[in-house]
There are 2 protein chains.
Amino acid sequence: MNQTRTALLQEAELLIRKRGYAAFSYSDLSAKIGIAKASIHHHFPTKEALGVALIDEYLERFEADLEALSHGPGEATAKLLAYGDFFAQGIKEGLLPLCGVLASDVSALPESIKSRVEKFFQQHLDWLEKEIRAGVKRGELRLDLKPKRAARVVLSTLQGASLTAWALGESASVKPTLKDLLAQLGK
Amino acid sequence: MNQTRTALLQEAELLIRKRGYAAFSYSDLSAKIGIAKASIHHHFPTKEALGVALIDEYLERFEADLEALSHGPGEATAKLLAYGDFFAQGIKEGLLPLCGVLASDVSALPESIKSRVEKFFQQHLDWLEKEIRAGVKRGELRLDLKPKRAARVVLSTLQGASLTAWALGESASVKPTLKDLLAQLGK
DNA sequence: ACGACCTTACCTACTAGTTGGTAGGCTATC
DNA sequence: GATAGCCTACCAACTAGTAGGTAAGGTCGT
């Protein structure tokens with residue numbers, strides 16, 4: 001039914017995560033999807049609307065994934081490693097984390113998108129903090145750092161490791177970097 | 001003598017680090033500097049040439065700074081913290097790390113710039129590895145991680161912490177995140 | 001000392017191409 | 001017959017880059 005709309009969102013996400021927000025255009029999209037450039041406006045009146053829809057869907061999807069991870073089996077460390085796979089997997093497919101890309105263009109973005117990028121970071125910090133706290137409580141993690149601060153270290157490292165791996169063309173280096181970090185954090 | 005040229009490079013760097021590579025144009029520059037757009041072509045025939053000159057200067061400046069840090073006084077940990085100030089200071093001034101920004105636009109960049117971004121990451125990994133190795137040797141650092149891998153964790157964390165701080169508007173959070181990391185790395 | 005010449009640094013006015021977005025029309029389906 | 005989904009054909013604004021000219025300053029041989 002909404003298959004064109006879905007295809008547009010999907011393709012736009014790929015383009016942004018590969019080339020950055022500014023570097024994707026309605027022209028690119030129309031070529032990839034195979035409909036006229038003007039027809040995109042039928043589904044998304046403005047580029048901003050498309051961007052907002054795209055990131056909202058991304059946030060929702062991620063929230064569901066995090067929820068599933070939380071409720072699934074495994075210790076805290078295993079869950080953190082699995083969390084890292086979201087980033088590692090993306091890089092292997094040639095895709096940067098969406099909100100990492102958007103963050104670096106943030107001051108050229110409309111307010112509606114900016115606030116959603118912020119929400120993304122907050123959502124992830126909250127999830128990490130929660131899982132780390134639970135891991136400590138269950139005795140699966142021992143660390144001197146407060147969970148809130150450990151969460152920030154983990155998210156920062158993953159974002160940065162993605163960027164570094166991307167720049168150096170070493171798509172397999174994200175996961176080991178996270179493992180190294182967790183080995184040290186866990187003491 | 002070359003004061004216009006210098007001003008152009010300076011302003012271009014600010015624009016890129018604030019808004020991303022794609023989002024800076026000769027128009028922006030001409031407005032900021034106060035010369036006609038076409039006159040910029042007198043100093044830099046193409047945008048790519050400007051970009052290359054800019055990043056080359058940035059690399060050179062950074063190399064000198066790192067050299068000075070290496071040869072200066074202080075223990076390894078202090079040097080790593082001082083290194084972190086390059087990032088923390090930038091964020092406080094509203095500036096992302098140049099090569100972090102460029103990395104996220106990398107697949108939309110000309111080859112000449114791409115390779116320099118790679119060089120940047122390599123240069124920093126090498127410096128960090130060297131300092132960490134020296135710190136271990138002098139007994140100032142104790143860590144289970146191999147210096148090479150510790151270096152990657154540190155660089156990743158700083159890049160990511162810059163991005164996170166930027167997205168959340170928490171310009172003061174880079175330094176504490178590095179401190180937390182080093183406290184854990186140092187065991 | 002003087003004109004001839006070149007270079008530097010800038011200008012206005014333009015080009016071809018791209019951008020996001022609009023207007024209006026066609027066609028199939030509900 | 002309305003609406004969804006697409007089209008062609010356009011628009012104004014912007015992009016990097018070009019053409020050609022001006023004014024100032026230095027360097028040259030005479």
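Chain identifiers are assigned alphabetically (A, B, ...) following the order of the sequence lines, protein sequences preceding nucleic acid strands; residue numbering begins at 1 within each chain. For the numbers below, each heavy atom of this structure counts, side chains included, while hydrogens, waters and symmetry mates do not.
- At a cut-off of 3.5 angstrom, the base of C:dG21 holds no donor-acceptor pair with the side chain of A:Lys47.
- Considering only the side chain of A:Ile35, D:dC6 comes nearest among D:dA16, C:dG21, D:dC6.
- Across all strands shown, A:Ser39 has heavy atoms under 4.0 Å from base atoms, whether or not it also approaches the sugar-phosphate.
- Residues A:Glu140 and A:Thr77 bring no donor and acceptor atom of their side chains to less than 3.5 Å of each other.
- Between the side chains of B:Thr177 and A:Ser156, no donor-acceptor pair of N or O atoms lies under 3.5 Å.
- Among the atoms of the strands shown, only primed sugar atoms or phosphate atoms (P, OP1, OP2) are found under 4.0 Å from some heavy atom of A:Phe24.
- Closest to the side chain of B:His43, from the set C:dG21, D:dT18, C:dC10, is C:dC10.
- Phosphate proximity of C:dC10 to B:Thr4: present, with a side-chain N or O under 4.0 Å from OP1 or OP2.
- Residue A:Ser25 places its side chain closer to C:dG20 than to any other of C:dG20, D:dT18, D:dC6.
- The shortest distance between the side-chain N/O atoms of A:Thr46 and the OP1/OP2 oxygens of C:dG20 is not below 4.0 Å.
- B:Lys114 and B:Glu118 are not joined by a salt bridge, as no carboxylate oxygen comes within less than 4.0 angstrom of a charged side-chain nitrogen.
- Closest approach to the B:Ala36 side chain among D:dA16, C:dG21, C:dT12 is made by C:dT12 (side chain taken as heavy atoms from C-beta onward).
- Between B:His42 and C:dT7 there is no side-chain N or O to OP1 or OP2 distance below 4.0 Å.
- A side-chain donor-acceptor contact under 3.5 Å links A:Arg116 to the backbone of A:Ser112.
- Here the side chain of A:Ala38 is nearest to one of D:dT8, C:dG20, D:dG17, namely D:dT8.
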